[in-house]
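Read the structure below first, then the notes.
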Amino acid sequence: MCSSDLDQANIVLDKFKAKIQNKPKMAAFISDIKQSPFPNIIFNSGVTWWFRNASQGGKYLEGRSYAHINFDEADLQDNYAQFIEDIIMPRTWDYAGSISHTTTPRKGKTNAYKVWQAAENEIRTGSQDAFVFYGDSRQNKFLPQQTIEKFTKLPARLFNKNIRSEEHTSEL
C-alpha cells in the first residue's frame with residue numbers, strides 16, 4: 001500500500017490490527033507486524049504487505065518491486081500522472097503487477113478524475129491493461145471463474161454486502 005504520507009500508511013495498518021485483534025484464527029496466518037522502520041505485515045506464507053509513503057518524490061518506494069500497489073489518497077499526489085509513470089508503474093514491472101487507486105475526491109483536486117479518464121480512454125482503444133467494472137461481481141469477466149465460484153459459498157449477509165454492495169439485504 002502506498003499512501004500520501006506515513007500517517008496515512010499507519011492508519012491502514014492500525015485498522016488491520018484492530019480487525020484481527022482477539023481473532024486467533026486470523027492471527028494464526030501472521031508471522032509478524034512491525035511499525036519500524038515502516039509499517040508492514042509478514043504472513044506465514046512469506047508474503048509481506050508493506051505500507052509505504054509516497055512523499056518526497058516516492059523515494060521510499062524506489063529500489064523495490066511489488067506485485068500490487070494500492071495508492072491510497074492518490075488525489076493528494078502532486079504531478080500525479082508523471083508520478084504514476086516514473087515511480088509507481090516501474091515498481092510493478094518485475095511481477096507484471098497491478099495498481100489500484102483509492103481516494104476521496106476533493107474540491108479543487110482533479111487527479112482521481114484524470115486517472116478515471118485515462119483508464120476509460122485505454123479501454124476505448126481496446127487496451128487489456130485497464131478495466132473498470134460496475135455491478136454484480138459474478139458478472140465481472142476480469143475475475144477468474146474460480147473466484148466467482150467462491151462467491152456462491154458466502155453466507156447471504158456477506159454475499160449481499162461484498163458482491164452486490166447492499167448493506168441490509170439478507171436474501172440471495
Side-chain angles (χ1 to χ4, degrees), residues 1-55 58-77 84 87-89 91-105 112 115 119 130-172:
M1 201 275 301
C2 166
S3 65
S4 57
D5 58 37
L6 185 57
D7 289 340
Q8 193 70 28
N10 278 318
I11 289 170
V12 177
L13 179 69
D14 291 343
K15 286 186 181 264
F16 179 84
K17 287 183 350 186
K19 291 277 186 196
I20 66 164
Q21 191 173 21
N22 300 321
K23 294 186 180 167
K25 288 182 181 177
M26 282 292 295
F29 291 103
I30 298 167
S31 172
D32 198 6
I33 297 177
K34 298 178 180 181
Q35 289 288 147
S36 181
F38 54 86
N40 63 79
I41 300 168
I42 303 167
F43 292 87
N44 291 334
S45 65
V47 169
T48 302
W49 285 357
W50 290 10
F51 301 83
R52 302 308 307 255
N53 91 58
S55 67
K59 79 175 189 179
Y60 301 108
L61 301 170
E62 292 185 344
R64 298 194 177 1
S65 297
Y66 303 97
H68 180 77
I69 294 176
N70 176 26
F71 193 176
D72 190 34
E73 296 300 351
D75 219 23
L76 296 175
Q77 182 65 43
I84 291 296
I87 306 297
I88 299 289
M89 288 176 67
R91 304 287 65 83
T92 63
W93 291 342
D94 287 347
Y95 296 106
S98 60
I99 303 166
S100 61
H101 310 269
T102 309
T103 198
T104 306
V115 169
F131 67 90
V132 176
F133 180 79
Y134 300 102
D136 189 321
S137 297
R138 294 172 295 174
Q139 307 304 315
N140 187 341
K141 67 181 182 179
F142 300 102
L143 290 176
Q145 187 61 37
Q146 186 178 16
T147 300
I148 294 171
E149 289 169 6
K150 289 179 182 178
F151 294 158
T152 61
K153 297 176 183 166
L154 288 172
R157 177 184 60 79
L158 293 175
F159 179 86
N160 289 327
K161 180 179 178 184
N162 297 308
I163 308 307
R164 290 184 168 167
S165 299
E166 298 172 3
E167 281 298 316
H168 303 292
T169 307
S170 62
E171 58 192 73
L172 281 179

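Everything quoted here is computed from the prediction, not taken from an experiment. Nothing fancy with the numbering, it's 1 onward along the sequence.
A heavy-atom distance below 4.5 Å is found between the side chains of I20 and I33. Using a 4.5 Å cut-off on side-chain heavy atoms (C-beta onward), R64 and D94 make no contact. Between Y66 and I99 there is no side-chain heavy-atom pair separated by less than 4.5 Å. At a threshold of 4.5 Å between non-hydrogen side-chain atoms, the residues R52 and R91 do not count as touching.
Side-chain atoms of N70 do not come within 3.5 Å of backbone N or O of H68 as any donor-acceptor pair.
Atom OG1 of T48 is separated from atom NZ of K34 by 8.5 Å, given to the nearest 0.5 angstrom. Taking CD1 from I87 and CZ from F71, the interatomic distance works out to 10.5 Å, rounded to the nearest 0.5 Å. Within the model, atoms CH2 of W49 and CG of N40 stand 12.0 Å from one another, a figure rounded to the nearest 0.5 Å.
The number of heavy-atom neighbours closer than 6.0 Å to CZ of F43, taken from other residues, nucleotides and ligands shown, is above 12.
The two residues P39 and L13 have their closest heavy-atom pair at CB-CD2, 3.4 Å. The minimum heavy-atom distance between M89 and T92, with the atom names listed, is O-OG1, 2.8 Å.
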